[in-house]
Structure formats: structure tokens, C-alpha cells
Amino acid sequence: QVQLVESGGGLVQAGGSLRLSCAASGRTSNTYAMGWFRQAPGKEREFVAAISWSGGSTYYADSVKGRFTISRDNAKNTVYLQMNSLKPEDTAVYYCASNRYRYIATIQDAARTYHYDYWGQGTQVTVSS
């Protein structure tokens with residue numbers, strides 16, 4: 001079992017920044033790839049970013065590329081999502097998830113929700129215009 005707890009969400013003005021954290025516990029949580037997803041009201045959950053277990057490979061959705069950065073600190077069993085230049089369309093509940101695998105070969109694999117077997121409860125991010 002893996003427990004994932006997100007934090008760092010909140011209300012921010014457009015153009016601002018937030019850093020989300022995802023603290024993991026259980027299993028050997030720091031040896032698996034991790035991802036961030038988001039879900040806006042009335043929309044399907046969508047892929048945001050993913051990172052391999054070592055941190056050597058990262059993947060981003062086109063909508064956040066150049067603005068968001070995913071990173072991890074395996075010593076702290078924590079994954080981060082630094083979000084800069086936030087836009088109102090970034091408003092959503094953000095979820096972190098633990099992948100079944102250590103490595104992610106392609107961005108298509110990174111975005112496959114069925115590759116993730118544990119999910120956090122989510123943290124709300126609201127960007128005002």
C-alpha cells in the first residue's frame with residue numbers, strides 16, 4: 001500500500017506561482033515513477049506531468065510545458081510540482097499518483113491513468129483572472 005498526501009494548493013492571481021507537494025509513504029514509494037494529474041469541474045482528469053523514479057526523465061502536457069516543473073526528493077519521499085505563470089485555465093483539483101513502474105518510456109505511457117495504482121486525495125488550485 002502507498003499513501004499519497006498532496007498539499008500546497010490555494011488561490012492565486014493569474015501570473016502567480018504555487019508549489020504543490022506530494023508526500024508518499026508505504027511500499028518503497030521512492031522507487032516508482034510518479035505523476036501529477038488535474039481535473040477541472042465538468043471535465044475529465046488530465047495528465048499534467050510525470051517523473052521517473054530517479055528523476056532523470058520528466059514528461060509534461062503541452063498545456064503546461066515551460067511553466068510547470070516536476071521534481072522529486074527521494075530522501076524525503078516527496079514529489080513536487082512547481083507551477084509558474086499560472087492561468088485561470090489551470091484551475092482544477094490536482095492529484096499526485098504513483099506509477100506501477102520505475103521508468104516511463106513515452107509521454108503516452110506517462111499519461112495512461114491505468115499505469116498509476118495509487119492516488120492522493122487531491123488539492124484545489126484556483127487561479128483568478
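Heavy atoms only: backbone and side chains are in, while hydrogens, waters and symmetry mates are out.
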Leu20/Thr123 under side chain to side chain contact (heavy atoms under 4.5 Å, CB included): CA gap, chis, key distance, verdict: CA-CA 8 Å; Leu20 305 184; Thr123 186; 4.0 Å; yes
Trace of the side-chain hydrogen bond (donor to acceptor under 3.5 Å, both in side chains) decision for Trp36 with Tyr95: CA-CA 6 Å; Trp36 285 95; Tyr95 300 89; over 6 Å; no
Test side chain to side chain contact (heavy atoms under 4.5 Å, CB included) applied to Ile70 and Tyr60, step by step: CA-CA 9 Å; Ile70 189 171; Tyr60 297 93; 3.4 Å; yes
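Inter-residue side-chain proximity for Met83 and Tyr94 is flagged as met; some heavy-atom pair is nearer than 4.5 Å. Annotation: side chain of Leu4 is in contact with side chain of Val2 (closest heavy-atom distance under 4.5 Å). Side-chain contact between Thr126 and Val12 is absent, with no heavy atoms from C-beta onward closer than 4.5 Å. With contacts defined as side-chain heavy-atom distances shorter than 4.5 Å, the pair Cys22/Met34 qualifies. In this structure, the side chains of Tyr116 and Phe37 come closer than 4.5 Å at one or more pairs of heavy atoms. Under the 4.5 Å side-chain criterion, counting only non-hydrogen atoms from C-beta, Val48 is not in contact with Tyr59. No side-chain heavy atom of Val125 sits under 4.5 Å from any side-chain heavy atom of Thr91. Under the 4.5 Å side-chain criterion, counting only non-hydrogen atoms from C-beta, Arg45 is not in contact with Arg38.
Applying the side chain to side chain donor-acceptor pair (under 3.5 Å) test to Arg112 and every residue at least two apart in sequence or in another chain returns Asp109. With sequence neighbours excluded, the residues satisfying salt bridge (Lys or Arg N to Asp or Glu O under 4.0 Å) with Arg67 are Asp90.
What you find for Ala49 and Leu81 is that their closest heavy atoms are CB-CD1, 4.2 Å. The heavy-atom pair separating Tyr80 from Asp73 by the smallest distance is CE1-CB, 4.1 Å. For the residue pair Ala14 and Pro88, the shortest heavy atom distance occurs at CB-CD, 4.1 Å.
Linking ILVMFWY residues whenever their side-chain heavy atoms come closer than 4.5 Å, directly or via other members, leaves Ile104 and Val64 in distinct clusters.
Listed by first then second residue, pairs satisfying side chain to side chain donor-acceptor pair (under 3.5 Å) with a partner in residues 2-17 read Gln3-Ser25, Glu6-Gln121, Ser17-Asn84, not counting sequence neighbours.
A distance of 8.0 Å separates OG in Ser54 from CZ in Arg72, rounded to the nearest 0.5 Å. The distance from atom OG of Ser52 to atom OH of Tyr101, rounded to the nearest 0.5 Å, is 15.5 Å. The line from CD of Gln1 to OG of Ser98 is 11.0 Å long, rounded to the nearest 0.5 Å. The CZ atom of Arg19 lies 11.5 Å from the OG1 atom of Thr69; values are rounded to the nearest 0.5 Å. Interatomic distance, Phe47 CZ to Gln108 CD, rounded to the nearest 0.5 Å: 10.0 Å. Cys96 contributes atom SG, which lies 12.5 Å from atom CD1 of Ile51 (distance to the nearest 0.5 angstrom).
Checking side-chain atoms of Tyr118 against main-chain N and O of Ala24 turns up no donor-acceptor pair under 3.5 Å. Side chain of Thr78 to main chain of Lys76: a donor-acceptor pair is present (N/O by atom type, distance under 3.5 Å, no hydrogens or angles). Remark: the backbone N or O of Tyr114 is paired with a side-chain donor or acceptor of Arg100 at under 3.5 angstrom.
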